[in-house]
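Worksheet: the structure to be examined is printed underneath.
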Amino acid sequence: MLGGRRPKALALFSGGLDSLLAIRLVLDQGVDVEAVHFVTPFSVGDERVVDRFGEELGIRVHKVFLGQEFLDLVADPPHGYGSQMNPCIDCRILMFKKAKEIAGRVGADFLVTGEVLDERPFSQRMEAMLLIEREAGLEGRVLRPLSARLMPETEAERLGLVDRGGFLAIRGRRRTVQLRLAEKFGFRDYLTPSGGCLLTDPAFARRVRDHLRYEGRLTLVDAALLRVGRHFRVCGVKVIVGRNREENEKLLSLAEKHGIPYLRVEGYKGPVTLCVGRVDDAVLDLASRMTVRYSDAPGGLPVRVVCVCGGNREVRVVRAIDDDELARFRV
């Protein structure tokens, strides 16, 4: 007890099994817990899972969107990238700093995470985890219940707010212990480990590298566009071709809202195509041919393509680009 009250923790909650188990282990020691769930422009996963487990555990979950601050780190991470374009160390530092602010507001005595020592080679090595704590101004205040007995003693343990003996000594990528505990506690349908960020996906990371090579920075509009369609680079201009009705609607909405030139075929079902950058006749010609290629128009026939650029609307009559030529522009 602290002055007659129970200790309180703020948990970083991804919705995955490790963070679920960490929270449960701390709750079982009589600690009050609130959680924070971070979302970025490149997050994937069903947010309803986070809500459901918050209700099951009986804890309040704060949701925080990391926007331009996060994108600036993706463009230029002080501590570098992981296996792809994931700036995991700098991302964790940003999350910890935000969590520290929330902890102060809700009166939490320490933070809790589901991190497991050496589970991830870039951000969950001992030295990396301690570095993140220091740079976030949280040295000794982050409890990692799944690996606590392998980590330096935290302030919460020294003060007797929690019992170190009730925590675990898990190390590495094998998840045998976690899966056994999940069965014991009845946790099912949790989010997939390491699957919550598009930046770890090699194909998506290639898009981000291409974008930064030409643009040098990322905006929220850029992030939204990177998640949609087939991507091509034509004379320095990004050409994005929708793959289905849902993507076409997203692309058209973004084009109209932000004044981005777009193309559509006339008379046939087909994609919405955006041209992001400084367009000229050569770019519009190739983008028109790409649009026809992914439409239902018969192969080899000339097709009318409507190009909308600013307040101007023009029609081009083109044939579909052939696949060999198309491959040269694919990102």
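When reading the values below, keep in mind they use all heavy atoms of this one structure, side chains included, and skip hydrogens, waters and symmetry mates. Just so it is clear, the model here is predicted, and its values are computed rather than measured.
Side-chain contact between Val276 and Leu225: present, with at least one pair of heavy atoms (C-beta onward) separated by less than 4.5 Å. Counting heavy atoms from C-beta on, the side chains of Cys307 and Val315 never come closer than 4.5 Å. Side chains of Pro41 and Phe70 form a contact here, defined as non-hydrogen atoms less than 4.5 Å apart. With a 4.5 Å cut-off on side-chain heavy atoms, Leu274 and Val239 do not count as touching. Looking only at side-chain heavy atoms (C-beta outward), Val142 and Thr154 stay at 4.5 Å or farther from each other. For the pair Glu119 and Gln178, the minimum side-chain heavy-atom distance is below 4.5 Å. Side-chain atoms of Ile102 and Val64, non-hydrogen and from C-beta on, do get closer than 4.5 Å to each other. The closest side-chain heavy-atom distance from Thr219 to Leu71 is not below 4.5 Å.
Ion pair Arg164/Glu153 not flagged as a salt bridge, since none of the NZ, NE, NH1 or NH2 atoms sits closer than 4.0 Å to an Asp/Glu carboxylate oxygen. Contact check on Asp18 versus Arg175 returns a salt bridge, with a Lys/Arg side-chain nitrogen under 4.0 Å from an Asp/Glu carboxylate oxygen. Between Glu215 and Arg217 there is no salt bridge, since no side-chain N of the basic residue sits under 4.0 Å from a carboxylate O of the acidic one. The pair Lys63-Asp51 meets the salt-bridge criterion, with a side-chain N (NZ, NE, NH1 or NH2) lying under 4.0 Å from an Asp/Glu carboxylate O. No salt bridge links Arg149 with Glu157; every basic N to acidic carboxylate O contact stays at or beyond 4.0 Å. Under the 4.0 Å criterion applied to side-chain N and carboxylate O atoms, Asp210 and Arg233 are assigned as salt-bridge partners.
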Assess the residue pair Arg319 and Val292 against the criterion (side chain to side chain contact (heavy atoms under 4.5 Å, CB included)); give the C-alpha distance rounded to whole Å, side-chain angles, the decisive distance to 0.1 Å, and a yes or no. CA-CA 7 Å; Arg319 289 178 171 82; Val292 175; over 6 Å; no
Check against salt bridge (Lys or Arg N to Asp or Glu O under 4.0 Å), Glu69 and Lys98: CA-CA 11 Å; Glu69 284 179 280; Lys98 298 293 184 183; 2.9 Å; yes
Given side chain to side chain contact (heavy atoms under 4.5 Å, CB included), test Leu57 with Leu20 step by step and report yes or no. CA-CA 9 Å; Leu57 294 166; Leu20 277 170; 3.8 Å; yes
Applying side chain to side chain contact (heavy atoms under 4.5 Å, CB included) to Val36 and Val61, what does each step give before you reach the verdict? CA-CA 5 Å; Val36 56; Val61 180; over 6 Å; no
Run the side chain to side chain contact (heavy atoms under 4.5 Å, CB included) check on Val305 and Glu266 step by step: do they pass? CA-CA 6 Å; Val305 177; Glu266 274 192 346; over 6 Å; no
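Only one option out of Lys100, Arg141, Arg144 pairs with Glu133 in a salt bridge (Lys or Arg N to Asp or Glu O under 4.0 Å); it is Arg144. Remark: of the listed residues Leu161, Asp109, Asp32, Asp32 is the sole one forming a side chain to side chain contact (heavy atoms under 4.5 Å, CB included) with Arg6.
A pairwise comparison of heavy atoms in Pro271 and Gly242 identifies CB-O, 3.3 Å as the closest pair. Considering every non-hydrogen atom in both Ala148 and Phe167, the closest pair reads CB-CB, 3.7 Å. Nearest heavy atom pair, residue Pro145 against residue Val26, reads CG-CG2, 3.7 Å. Closest non-hydrogen pair, Val50 versus Ser14, comes out as CG2-O, 3.9 Å. Between Val39 and Glu47, the shortest heavy-atom distance links the atoms CG2-OE1, 3.8 Å. Between Tyr190 and Leu179 the shortest heavy-atom distance is OH-CD2, 3.6 Å.
Evaluation of the side-chain contact (heavy atoms from CB on, under 4.5 Å) rule for Ala203 yields Asp201, Arg206 as partners, not counting sequence neighbours. Scored by the side-chain contact (heavy atoms from CB on, under 4.5 Å) test, Asp285 finds Arg289, Arg316, Val318 as partners (sequence neighbours excluded). Among residues two or more places apart in sequence or in another chain, the ring pair (Phe, Tyr, Trp, His ring centres under 6.0 Å) test is passed with Phe329 by none. Listed by chain and residue number, Glu56 satisfy the salt bridge (Lys or Arg N to Asp or Glu O under 4.0 Å) test with Arg52 (two or more places apart in sequence, or in another chain). Under the rule for a side-chain contact (heavy atoms from CB on, under 4.5 Å), the partners of Val308 that lie at least two apart in sequence or sit in another chain are Tyr262, Val306, Arg313. Here Arg209 pairs with nothing under the salt bridge (Lys or Arg N to Asp or Glu O under 4.0 Å) rule; sequence neighbours left out. With sequence neighbours left out, the side-chain contact (heavy atoms from CB on, under 4.5 Å) criterion links Val317 to Pro302, Arg304. Legend: residues meeting ring pair (Phe, Tyr, Trp, His ring centres under 6.0 Å) with Phe96, ordered by chain and number and at least two apart, are absent.
Atom CG of residue Asp118 and atom CG of residue Leu150 lie 9.0 Å apart, to the nearest 0.5 angstrom. Atom CZ of Arg60 sits about 10.5 Å away from atom CG of Leu10, to the nearest 0.5 Å. Between the CG atom of Leu251 and the CD1 atom of Ile260 there is a distance of 8.5 Å, given to the nearest 0.5 Å. The line from OH of Tyr294 to CD1 of Ile321 is 9.0 Å long, rounded to the nearest 0.5 Å. Between atom CZ of residue Arg120 and atom OG of residue Ser83 there is a gap of 10.5 Å, rounded to the nearest 0.5 Å. Once rounded to the nearest 0.5 Å, the distance linking CG of Leu21 with CG of Leu17 reads 4.0 Å.
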Using residues 85-93 as the side-chain source, report each donor-acceptor pair under 3.5 Å to any protein atom, sequence neighbours left out, with the distance given to one decimal.
residue: Asn86; atom: OD1; partner: Gln84; partner atom: N; Å: 2.9
residue: Asp90; atom: OD1; partner: His79; partner atom: ND1; Å: 2.8
residue: Asp90; atom: OD2; partner: His79; partner atom: N; Å: 2.8
residue: Arg92; atom: NH2; partner: Glu115; partner atom: OE2; Å: 3.4

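The neighbour count for Arg227 CZ, taken as heavy atoms of other residues, nucleotides or ligands under 6.0 Å away, is above 12. For Glu183, the CD atom is loosely surrounded, since the number of other residues' heavy atoms within 6.0 Å does not exceed 12. Applying the 6.0 Å contact sphere to CZ of Arg158 captures more than 12 heavy atoms from other residues, nucleotides or ligands.
Think of Tyr214 as one node in a network of Ile, Leu, Val, Met, Phe, Trp and Tyr side chains linked at under 4.5 Å; it has no links at all.
For the residue pair Ser288/Thr291, the side-chain donor-acceptor check at 3.5 Å is not satisfied.
Residue pairs meeting the ring-ring contact (aromatic ring centres under 6.0 Å, His included) criterion with at least one member in residues 8-49, sequence neighbours excluded, are Phe42-Phe204. Sorted by first then second residue, the salt bridge (Lys or Arg N to Asp or Glu O under 4.0 Å) pairs that include residues 238-261, not counting sequence neighbours, are Arg243-Glu247, Arg245-Glu249, Glu246-Lys250.
Between the side chain of Gln29 and the backbone N or O of Asp163 there is at least one donor-acceptor pair closer than 3.5 Å.
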